[in-house]
Amino acid sequence: MRPAFAVGLVFAGCCSNVIFLELLARKHPGCGNIVTFAQFLFIAVEGFLFEADLGRKRPAIPIRYSIFKYTSIALVSVGIFICTFMSAKQVTSQSSSSENDGFQAFLRWLLGIGALTFALLMSARMGIFQETLYKQFGKHSKEALFYNHALPLPGFVFLASDIYDHAVLFNKSELYQVPFVGVTVPIMWFYLLMNVVTQYVCIRGVFILTTECASLTVTLVVTLRKFVSLIFSILYFQNPFTLWHWLGTLFVFIGTLMYTEVWNSMGTTKSQPQRDKKN
């Protein structure tokens, strides 16, 4: 019952989340940083208040390294970030004349695909790591949800200027009266609030699943959620649905059926009456 409830949270939260994300991105395509920051901040604050008890509750899963080691890793990460950022600025200034070159655009597209693939693999690895921790220290999905969103918050300081710029743009958007409440707010802030709330519902379901199912099952559910969100977005916003979309949909459903071993269970069901007749 609990895994089914978690899957319901994942699909309901994420499919509704994609609506508000697309509404935000259509108006301001570069608003990803402020959206991600708002999601992390909301979940971290909620966890700090209700899970960590304002910092008074000790974590059930202990921190395994010293503050000194965490500081050293943070310094290394900051150093790599600074070097990479400055190198990227130099490359951009040197190659600004060929910005619209087709080959360069293709390479950047490949880089994006590679980044998404790497993120999916790392997400699967994190699921295995969480599964190991839960076996050792018990199931604490809300605690994991809190620390996964609270610890990365300092990293958003490097995106502060972009977040501020989009906050200003959000303030300038048209006013909207929130239903049932009667409060008038800029419509972009309303979209952001709904995006954050639905994202919380979605990610809460994901972390419940990590305590109830194997990491491979969680990865499959999350991947299917992304696919369903894509299809839902295409249908909701009436975007073109090509033959390639149908082919991809077919592959996804075949893969899902293979993973859940539907054919094996059907074969077992058909062979059962024959065994009963023999008996």
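Side-chain atoms are counted along with the backbone in the values below, which use heavy atoms only and exclude waters and symmetry mates.
Expressed to the nearest 0.5 Å, how far OH of Tyr191 lies from CD of Glu22 amounts to 12.0 Å. Between the CG atom of Asn33 and the CG atom of Asp165 there is a distance of 10.5 Å, given to the nearest 0.5 Å. Considering CZ of Arg56 and CZ of Phe48, their distance stands at 8.5 Å, rounded to 0.5 Å. The distance from atom CD of Gln177 to atom CZ of Phe190, rounded to the nearest 0.5 Å, is 11.5 Å. The CZ atom of Phe170 lies 4.5 Å from the SG atom of Cys31; values are rounded to the nearest 0.5 Å. To the nearest 0.5 Å, the span separating CG on Leu41 from CD on Gln39 amounts to 11.0 Å.
When every heavy atom of Phe40 is checked against every heavy atom of Pro152, the shortest pair comes out as CE2-CG, 3.9 Å. Between Val10 and Val206 the shortest heavy-atom distance is CG2-N, 3.5 Å. Between Gly205 and Ala6, the shortest heavy-atom contact is O-CB, 3.5 Å. Between Ala60 and Phe137 the shortest heavy-atom distance is O-CD2, 4.1 Å. Heavy atoms only, all atoms of each residue included: Ala150 and Pro154 are closest at O-CD, 4.0 Å.
Asp162 places none of its side-chain heavy atoms less than 4.5 Å from the side chain of Phe37. With a 4.5 Å cut-off on side-chain heavy atoms, Tyr176 and Thr184 do not count as touching. Side-chain contact check for Leu9 versus Cys202: every heavy-atom pair is 4.5 Å or farther apart. At a threshold of 4.5 Å between non-hydrogen side-chain atoms, the residues Asn171 and Trp189 count as touching.
One N or O on the side chain of Thr198 and one on the backbone of Asn195 form a donor-acceptor pair closer than 3.5 Å. Remark: side-chain polar atoms of His166 are paired, donor with acceptor, to backbone N or O of Gly30 under 3.5 angstrom. Of the possible polar contacts, none joining the Gln199 side chain to the Asn17 backbone as a donor-acceptor pair under 3.5 Å is found. With hydrogens and angles disregarded, no donor-acceptor distance shorter than 3.5 Å links the side chain of His28 to the backbone of Leu24.
Tracing side-chain contacts under 4.5 Å through hydrophobic residues (I, L, V, M, F, W, Y), one reaches Leu54 starting from Leu145; they form part of the same cluster. By the rule that hydrophobic residues join a cluster once side-chain heavy atoms approach within less than 4.5 Å of another member, Phe50 and Val197 end up as members of separate clusters. The hydrophobic clustering, which links ILVMFWY residues whose side-chain heavy atoms are closer than 4.5 Å, places Val196 and Leu169 apart. Under the 4.5 Å side-chain heavy-atom criterion for grouping Ile, Leu, Val, Met, Phe, Trp and Tyr, Tyr164 is not connected to Met188 through any hydrophobic cluster. Val178 and Leu175 are members of different hydrophobic clusters when ILVMFWY side chains are connected at heavy-atom separations under 4.5 Å.
Other residues, nucleotides and ligands place more than 12 heavy atoms under 6.0 Å from the CZ atom of Arg26.
The residues Glu46 and Lys142 are annotated as salt-bridged, a charged nitrogen and a carboxylate oxygen being separated by less than 4.0 angstrom.
Checking each of Val183, Ile187, Val181 against Val185 for a side chain to side chain contact (heavy atoms under 4.5 Å, CB included) leaves exactly one that passes, namely Val183.
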Would you check, one step at a time, whether the test side-chain contact (heavy atoms from CB on, under 4.5 Å) holds for Phe20 with Leu193? CA-CA 9 Å; Phe20 298 102; Leu193 174 63; over 6 Å; no
side-chain contact (heavy atoms from CB on, under 4.5 Å) between Thr36 and Phe156: does it pass, once the steps are laid out? CA-CA 9 Å; Thr36 306; Phe156 286 97; 3.9 Å; yes
Before giving the answer on side-chain contact (heavy atoms from CB on, under 4.5 Å), spell out for Ser141 and Arg204 the whole-Å C-alpha distance, their side-chain angles and the decisive distance to 0.1 Å. CA-CA 8 Å; Ser141 61; Arg204 182 79 178 93; 3.3 Å; yes
Show your working on side-chain contact (heavy atoms from CB on, under 4.5 Å) between Ile203 and His149 and close with a plain yes or no. CA-CA 11 Å; Ile203 200 68; His149 288 79; 4.0 Å; yes
